[in-house]
Amino acid sequence: MKRFVVTSKGDEKSNAIKMILDQYLSDFDLVMDEDAPDLVITVGGDGTFLHAVHQYFHRLKDTAFIGVHTGHLGFYADWLPDEIEKLVIEISKDKFDIAEYPLLEVKVFKKDVKDYERYLALNEATVRKIEGSVVMDININGDLFERFRGDGLCMSTPSGSTAYNKALGGAIIHPSLSTMQLTEMSSINNRVYRTIGSPLIFPSHHVVQFKPVNEAQSFLMTIDHLTKSVDHVNLLECTVAKEKIKFARFRAFPFWKRVHDSFISDER
């Protein structure tokens, strides 16, 4: 018996659609289970989707995600409110494809702390200074690549390549590729300081480290929609996570058409 949970953005329209989904799915003998759902259905936008994914990161092996968007077209929330009945029927058939996309793993090592803090991101992780420039050595597989000076650094997943990464001039990567991408925020380049200045795309077996030149620094980090201040940082380590996120697919989901519709198409 399939278990489900529906999460809502919280506005009136999204809450109304959540109530309809709860009722329809229950009528088809699906069981609502907030603790251990097989399907997580989000109603809202990509922000709502990100919140739900982080809430159920501990169930990545057992849970698939579906998004219904009630605002602008999203990359994750791809079902329309007027398609609710069709979606419910498809779910009730218990036949759907699973698309697995890579996640980003970030480890934060702190001075005089034995254990590291570990985070997963669906879109990206960024690091900045609250005041002043970020100065970090970037190591690739243990070898120094460059000393970065600038506003900050962004490491994104293929799924997140259309988000903040794109705004920084990064490449758009198909989410079926198991990679991560590093983009710079306003790097300083002059006769004294040099950085590569171009996005770097790494395969899944690469390890990229950000090491503060002055140890035990404090930084402002984002992990998707979450923002936190981290103190006494000695090292940040980024890899493609072993875990993957599962998307429940009940129909074709052409990624490049979604890119076109979001950034190029004149239709609103």
Side-chain angles (χ1 to χ4, degrees), residues 2 4-22 24-25 28 30 37-57 59-60 62-104 121-124 156-167 172-178 224-225 244-268:
K2 190 181 278 87
F4 75 93
V5 66
V6 182
T7 68
S8 169
K9 180 180 179 181
D11 60 288
E12 185 176 349
K13 182 178 182 180
S14 299
N15 286 342
I17 293 172
K18 170 181 162 39
M19 290 180 62
I20 293 171
L21 282 168
D22 285 339
Y24 282 5
L25 291 170
F28 276 98
L30 277 76
D38 302 306
L39 286 174
V40 173
I41 306 165
T42 70
V43 183
D46 283 350
T48 309
F49 192 93
L50 284 171
H51 275 83
V53 169
H54 278 256
Q55 182 179 351
Y56 290 100
F57 260 153
R59 285 191 51 82
L60 287 173
D62 305 304
T63 298
F65 297 84
I66 311 166
V68 178
H69 71 83
T70 54
H72 298 293
L73 179 67
F75 272 86
Y76 300 127
D78 58 311
W79 286 83
L80 293 166
D82 59 8
E83 297 177 308
I84 293 302
E85 291 186 7
K86 179 181 178 181
L87 175 59
V88 170
I89 291 171
E90 292 297 325
I91 293 174
S92 68
K93 292 178 181 177
D94 201 22
K95 292 181 179 179
F96 53 87
D97 294 325
I98 291 290
E100 291 189 327
Y101 291 162
L103 298 167
L104 176 69
L122 174 58
N123 271 359
E124 75 279 305
S156 63
T157 67
S159 301
S161 66
T162 56
Y164 189 40
N165 166 78
K166 182 179 181 299
I172 295 177
I173 301 176
H174 195 281
S176 64
L177 300 175
S178 186
D224 290 335
H225 60 292
K244 291 189 175 183
I245 185 172
K246 300 178 189 292
F247 292 91
R249 293 282 184 254
F250 298 93
R251 61 185 179 189
F253 187 76
F255 174 74
W256 296 117
K257 183 179 187 305
R258 185 55 49 86
V259 172
H260 172 272
D261 291 348
S262 297
F263 298 113
I264 300 173
S265 176
D266 291 330
E267 296 181 9
R268 294 289 183 266

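This chain uses plain numbering: 1 for the first residue, then up along the sequence.
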Sequence neighbours excluded, the answer for side chain to side chain donor-acceptor pair (under 3.5 Å) partners of Glu83 is Arg251

What pairs with Pro102 under side chain to side chain contact (heavy atoms under 4.5 Å, CB included), at least two apart in sequence or on another chain?
-> Pro158, Ser178, Val240

Residue pair Ile98 / Ala248: nearest heavy atoms and the distance that separates them | CD1-CA, 4.3 Å

Given side chains that start at C-beta, do those of Trp256 and His174 come closer than 4.5 Å, heavy atoms only?
-> yes

Those residues that, when tested against Asn15, pass side chain to side chain donor-acceptor pair (under 3.5 Å) (two or more places apart) | Ser8

Is the side chain of Asp46 donor-acceptor paired with the backbone N or O of Phe75 at a distance under 3.5 Å, no angle test?
-> yes

Please list, chain by chain and in numerical order, all residues satisfying side chain to side chain contact (heavy atoms under 4.5 Å, CB included) with Ala99, sequence neighbours excluded.
-> Tyr101, Phe247, Arg249

State, yes or no, whether a side-chain contact exists between Ser156 and Tyr164 at a heavy-atom distance under 4.5 Å.
-> no

Report the residues that fulfil side chain to side chain contact (heavy atoms under 4.5 Å, CB included) with Thr157, sequence neighbours left out, ordered by chain and then residue number.
-> Leu104, Ser159

Taking every heavy atom of Pro37 against every heavy atom of Arg59, the minimum-distance pair comes out as O-NH2, 3.1 Å

Rounded to the nearest 0.5 Å, what's the gap from CG on Asn165 to CG on Asn123? Could you check?
-> 10.0 Å

With a 4.5 Å heavy-atom cut-off, do Leu50 and Leu122 have their side chains touching?
-> yes

How far does CD1 of Ile41 sit from OG1 of Thr48, to the nearest 0.5 angstrom?
-> 14.0 Å

Rounding to 0.5 Å, atoms CG (Leu87) and CG (Leu25) come to a distance of 7.5 Å

Can you name the residues that form a ring pair (Phe, Tyr, Trp, His ring centres under 6.0 Å) with Phe96, not counting sequence neighbours?
-> Phe250

List for me each residue that meets salt bridge (Lys or Arg N to Asp or Glu O under 4.0 Å) alongside Lys244, sequence neighbours excluded, and say none if there are none.
-> none

Write down the atom of Glu124, the atom of Gly160, and the distance for their closest heavy-atom approach.
-> OE1-O, 4.3 Å

With sequence neighbours excluded, tell me which residues meet side chain to side chain donor-acceptor pair (under 3.5 Å) with Ser92.
-> none

Test side chain to side chain contact (heavy atoms under 4.5 Å, CB included) applied to Val53 and Tyr76, step by step | CA-CA 11 Å; Val53 169; Tyr76 300 127; over 6 Å; no

Those residues at least two apart in sequence (or on a different chain) that pass side chain to side chain contact (heavy atoms under 4.5 Å, CB included) with His51 are His225

Can you find a heavy atom in the side chain of Ile20 that is under 4.5 Å from one in the side chain of Lys18?
-> no

Test side chain to side chain donor-acceptor pair (under 3.5 Å) applied to Thr70 - qualifying residues, sequence neighbours left out = Ser14

Which residues satisfy the salt bridge (Lys or Arg N to Asp or Glu O under 4.0 Å) test with Lys166, sequence neighbours excluded?
-> none

How long is the span from the CZ atom in Phe65 to the OG1 atom in Thr7, to the nearest 0.5 Å?
-> 9.0 Å

Interatomic distance, Ile91 atom CD1 to Phe4 atom CZ [nearest 0.5 angstrom] | 8.5 Å

Grab the two heavy atoms, one from Asp224 and one from His54, that are nearest each other, plus how far apart they are.
-> OD2-NE2, 2.6 Å

With the side chain counted from C-beta on, respond yes when Leu80 and Val68 share a heavy-atom pair under 4.5 Å apart, and no when they do not.
-> no

Applying ring pair (Phe, Tyr, Trp, His ring centres under 6.0 Å) to Phe253 and not counting sequence neighbours gives none

Donor-acceptor pair between His69 and Asp78 side chains, under 3.5 angstrom | no

Interatomic distance, CG@Leu103 vs CZ@Phe57, rounded to 0.5 Å, equals 5.5 Å

Taking all non-hydrogen atoms of both residues, which atom of Thr42 and which atom of Ala52 are closest, and how far apart?
-> CG2-CB, 3.4 Å

Would you call Val40 and Ile66 a side-chain contact if the rule is heavy atoms closer than 4.5 Å?
-> no

